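Residue numbers start from 1 in every chain, and the chains themselves are labelled A, B, ... in the order their sequence lines are given, proteins ahead of strands. Since the structure is predicted, the reported quantities are computational estimates derived from the model, not experimental observations.
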Amino acid sequence: MKNKPKRVPTKKILNTLAELYPDAHCELNYRNPFELLIATILSAQSTDRQVNIVTKELFQKFPTPEDFVQLTEDELAAEIRGLGLYRNKSRNILATCKILLEQYGGKVPSQRKDLEKLPGVGRKTANVVLSNAFDVPALAVDTHVHRVANRLALADSDQPLETEKQLTKRIPKKDWTLTHHRLIWHGRRVCSARNPKCHHCDLLAMCWYGKNQA
DNA sequence: AACTCGGGGCA
DNA sequence: TGCCCAGAGTT
């Protein structure tokens, strides 16, 4: 990257995103931290829509960690069929539920270091839980956010963690959750990884990547 | 840093 | 068919 991208003011980009996706919201319907945690683990490499379909029944049948640990890995795997990586997820979720029961009284811990120790929970999932369940400022950087933010020059880094730091610095805290969802929507609908639809992208005028494509 | 897990949706 | 999906763990 020889020429440093001339950065469009963050506020301007955020305002435009807000106009584009006024009602962006979290599509994962969760009723408590436990459901959020499990749904977020399940969401890895899977579409949020599929996760919603699967979790709707799942949480009806098994609302608590106590219910989950009654299941074998194979039984849980059968319950979450329809999502990718379901064997890994089944194993991780059962292990996580056991830890919740043994170490945290069946509750979801609210500290990052505790969350990231849970099997199946990494930086991104921990951030989702922290920001949505515990109202702790944490910007979850997934592949969409990372890609879109870098194309827009909201961030300038190959590494998700660095992107997270930069975004955290530049975006006002109160806007984190909504901005996160808007970047994801944009990333899925327009700013896709392989064939981004720059031609009818409403952010093209302020997008460093888009302008260098044409 | 690269590799693996992985079935389903969609063009 | 080929490509992609709200990543994490292991080597």
NA contact type, [X], heavy-atom cut-off 4.0 Å: base, sugar-phosphate, or nothing?
X	result
Thr125(A)	sugar-phosphate
Ile80(A)	nothing
Val121(A)	sugar-phosphate

To the nearest Å, give me how far apart [atom1] ([X]) and [atom2] ([N]) are.
X	N	atom1	atom2	value
Lys124(A)	dG9(C)	NZ	P	13 Å
Arg91(A)	dG9(C)	CZ	C1'	9 Å
Leu42(A)	dC5(C)	CG	C1'	14 Å
Ile41(A)	dA8(C)	CD1	P	9 Å

Legend entry - Lys/Arg N to Asp/Glu carboxylate O, Asp48(A) vs Arg188(A), below 4.0 Å: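 Salt bridge present between Asp48(A) and Arg188(A).
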Inset, instruction - Decide, yes or no, whether a salt bridge links Arg31(A) with Glu35(A) under the criterion of side-chain N to carboxylate O below 4.0 Å. - result: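 Salt bridge: yes.
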Inset, instruction - For each nucleotide in nucleotides 1-11 of chain B, reading 5' to 3', give B when a protein heavy atom comes within less than 4.0 Å of its base, S when such contact involves only the sugar-phosphate, and - otherwise. - result: S---BBBSSS-
Inset, instruction - Following the transitive rule for hydrophobic clusters with a side-chain heavy-atom cut-off under 4.5 Å over Ile, Leu, Val, Met, Phe, Trp and Tyr, establish whether Trp176(A) and Trp185(A) coincide in one cluster. - result: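 Both belong to a single hydrophobic cluster.
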Legend entry - Under-4.0 Å side-chain N/O to phosphate OP1/OP2 contact, Arg188(A) with dA6(C):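 Yes.
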Inset, instruction - Taking atom types as modelled, find out whether Asn52(A) and Arg49(A) have a side-chain donor-acceptor pair closer than 3.5 angstrom. - result: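 Short answer, no.
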Legend entry - Arg189(A) versus His186(A), side-chain donor and acceptor atoms under 3.5 Å: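 Absent: no donor and acceptor within the cut-off.
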Inset, instruction - Just jot down the side chain to side chain donor-acceptor pair (under 3.5 Å) partners of Ser110(A), sequence neighbours excluded, or say none. - result: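 Checked Ser110(A) against side chain to side chain donor-acceptor pair (under 3.5 Å); zero matches.
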